Amino acid sequence: MNILILGAGGREHTFAWKIAQSPLCNQLFVAPGNSGTSSIATNLNVSVVNFEGIKKQVLAHDINMVVVGPEDPLVNGIYDFFLNDPELHQVAVIGPQKAAAQLEGSKEFAKKFLWRHGIPTAAYESFTKDTLDKGYAFLESVNSPYVLKADGLAAGKGVLILTDINEAKQELKSMLVDSKFGAASTKVVIEEFLDGIELSCFVLTDGKNYKLLPTAKDYKRIGEGDTGLNTGGMGAISPVPFVDSALLTKIENRIVKPTVDGLVKDNLPYKGFIFIGLIVVENEPMVIEYNVRMGDPETEVVLPRLKTDLLEIFQAIDNECLNEIEIEIDPQTAVTVMLVSGGYPEAYDKEKEITGLENVKESIVFHAGATKADGKLVTNGGRVLTVTSLGDDFRSALESSYKSIENIKFEAMNYRTDIGFDL
Ligand code: AMP
Ligand code: GLY
């Protein structure tokens with residue numbers, strides 16, 4: 001098969017790394033890709049939301065399957081675009097249809113889905129600028145802290161958690177009336193605050209059958225001890241050590257099964273990854289969000305533990321026979337530590353030369369915001385590289401990653417030295 005992966009980050013480099021190992025893979029393309037994907041695949045210079053441009057490449061390279069990395073093309077309906085185009089409808093797309101992608105594209109849609117199917121989640125109400133006064137009254141009626149969520153896609157920045165009621169009202173107004181997050185905050189979901197420990201669970205579905213992938217935990221804050229601004233993710237660990245089989249059974253029975261059954265009942269066609277953000281409150285798992293794709297950097301710890309051929313799994317998803325596949329997972333722990341540009345997640349410089357990767361022996365380095373310029377490897381984004389290692393437990397895996405990192409250098413390189421500190 002000829003495969004096209006859409007995206008340009010560490011997640012997509014990891015997909016390319018895994019798919020390139022499959023005997024089913026003939027030619028592998030990534031659009032737009034990065035320096036990591038260019039060493040194992042052909043990068044195509046087309047944006048992930050330029051559907052007509054993607055169509056040209058798919059036809060030109062006889063592509064049989066498109067694996068979608070980020071949420072934007074899914075929420076914008078890339079699955080439906082392929083389905084409805086006579087020249088493309090034979091091409092398999094790994095991802096949900098547009099209607100199902102609303103699970104990530106609209107917080108209100110996701111909350112309604114969760115409540116309709118009796119899946120544990122925080123209580124909520126949603127408001128628009130016409131119901132701002134009702135929003136204020138609702139804030140008065142609940143306890144601090146206040147959780148405000150922009151309904152639409154806001155690049156991971158649309159959730160505010162505030163302790164002061166006046167600040168919460170101010171922010172609600174700024175989201176609804178002053179379009180703080182643009183069109184994404186035309187509607188705002190106000191949610192009950194849940195106090196617990198977070199983890200993520202990953203599921204593959206063909207729309208009726210599902211398979212569980214390993215759990216993972218990411219570290220979103222820039223600073224040590226989970227302090228400072230939110231980032232795309234500074235590191236991750238899989239499996240999550242505190243998830244025992246009793247908790248996993250609850251997650252599967254109360255959350256995963258009803259989610260997949262809910263997709264069937266609501267007629268929401270879905271052939272791809274479901275990323276379920278969970279919070280465990282007094283040993284009870286509750287959903288904080290759905291994403292309709294894999295996480296980044298969670299992919300960088302989940303896929304290295306998957307022993308099964310990923311293309312075989314994707315074919316089974318496309319043929320709606322995922323139940324016939326056995327999924328084999330490496331019992332080792334995988335960790336990844338993200339190397340970022342100094343200043344990230346605020347302003348940072350680019351085009352800093354990266355050296356030393358050839359000296360990394362016991363880890364896999366996935367490229368994120370890195371590119372080649374004049375034959376040199378240089379930084380090209382906030383999250384630059386991520387260093388994944390396997391080990392018998394997360395401590396020994398982390399030791400390998402941190403040892404590998406000693407070899408890698410670029411100006412103003414920054415990373416967290418405390419991934420896993422809370423476990
Ligand atoms: P989300 O984009 O929905 O994942 O929210 C971003 C982050 O906000 C989550 O990873 C949680 O840390 C936090 N969060 C979201 N919803 C809640 C909630 N109801 N209670 C407590 N924390 C929350
Ligand atoms: N690491 C979180 C995400 O991919 O959304």
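In listed order, ligands and their atoms are each counted from 1. FYI, side chains are in, hydrogens and waters are out, and symmetry mates aren't considered; it's all heavy atoms of this structure. On a predicted model such as this, the values are computed, not experimentally measured, just so you know.
- In terms of N/O distances under 3.5 Å, ligand 2 is approached by D218.
- By the 30° and 60° cut-offs, the orientation of the rings of W17 relative to F366 is perpendicular.
- Exactly one residue among D296, V302, L303 makes a side chain to side chain contact (heavy atoms under 4.5 Å, CB included) with R11. That residue is D296.
- From the protein, the heavy atom lying nearest to atom 4 (O) of ligand 2 is D296 N, 2.9 Å.
- F273 and F314 have perpendicular rings, their planes meeting at more than 60° on a 0 to 90° scale where under 30° would count as parallel.
- Distances from ligand 2 to the non-hydrogen atoms of R293 include at least one value under 4.0 Å.
- Considering backbone and side-chain N/O of E298, one or more are found under 3.5 Å from N/O of ligand 2.
- Heavy-atom neighbours of R395 CZ from other residues, nucleotides or ligands within 6.0 Å: at or below the threshold of 12.
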Can you list every pair where an N/O of ligand 1 is under 3.5 Å from an N/O on the protein?
| unit_1 | atom_1 | unit_2 | atom_2 | d |
| --- | --- | --- | --- | --- |
| ligand 1 | 2 (O) | K107 | NZ | 3.3 |
| ligand 1 | 2 (O) | E289 | OE1 | 3.4 |
| ligand 1 | 3 (O) | K107 | NZ | 3.1 |
| ligand 1 | 3 (O) | K149 | NZ | 3.1 |
| ligand 1 | 4 (O) | E289 | OE1 | 3.2 |
| ligand 1 | 4 (O) | E289 | OE2 | 2.9 |
| ligand 1 | 10 (O) | E198 | OE1 | 2.8 |
| ligand 1 | 10 (O) | K220 | NZ | 3.3 |
| ligand 1 | 12 (O) | E198 | OE1 | 3.4 |
| ligand 1 | 12 (O) | E198 | OE2 | 2.4 |
| ligand 1 | 16 (N) | K149 | NZ | 3.0 |
| ligand 1 | 19 (N) | E191 | OE1 | 2.6 |
| ligand 1 | 19 (N) | E192 | O | 2.9 |
| ligand 1 | 20 (N) | L194 | N | 2.8 |

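- Ring orientation note: the planes of H367 and H13 are nearly perpendicular, at an angle over 60° on the 30°/60° scale.
- Taking the six-membered ring for Trp and the full ring otherwise, the centers of Y270 and Y290 sit at least 6.0 Å from each other.
- Results of the side chain to side chain contact (heavy atoms under 4.5 Å, CB included) test with E171 over L176, N166, L162, L139 single out L162 as the only residue that passes.
- A salt bridge does not link D206 to K211: none of the charged side-chain nitrogens sits closer than 4.0 Å to a carboxylate oxygen.
- The closest approach between G277 and ligand 2 stays at or above 4.0 Å for every heavy atom of the residue.
- Cation-pi geometry between K217 and Y219 is met: under 6.0 angstrom from the ring centre, within 45 degrees of the axis.
- Each of the atoms 4 (O) of ligand 2 lies under 4.0 Å from some heavy atom of G295.
- Remark: ligand 2 atoms within the under-4.0 Å shell around heavy atoms of F275 are 3 (C), 4 (O), 5 (O).
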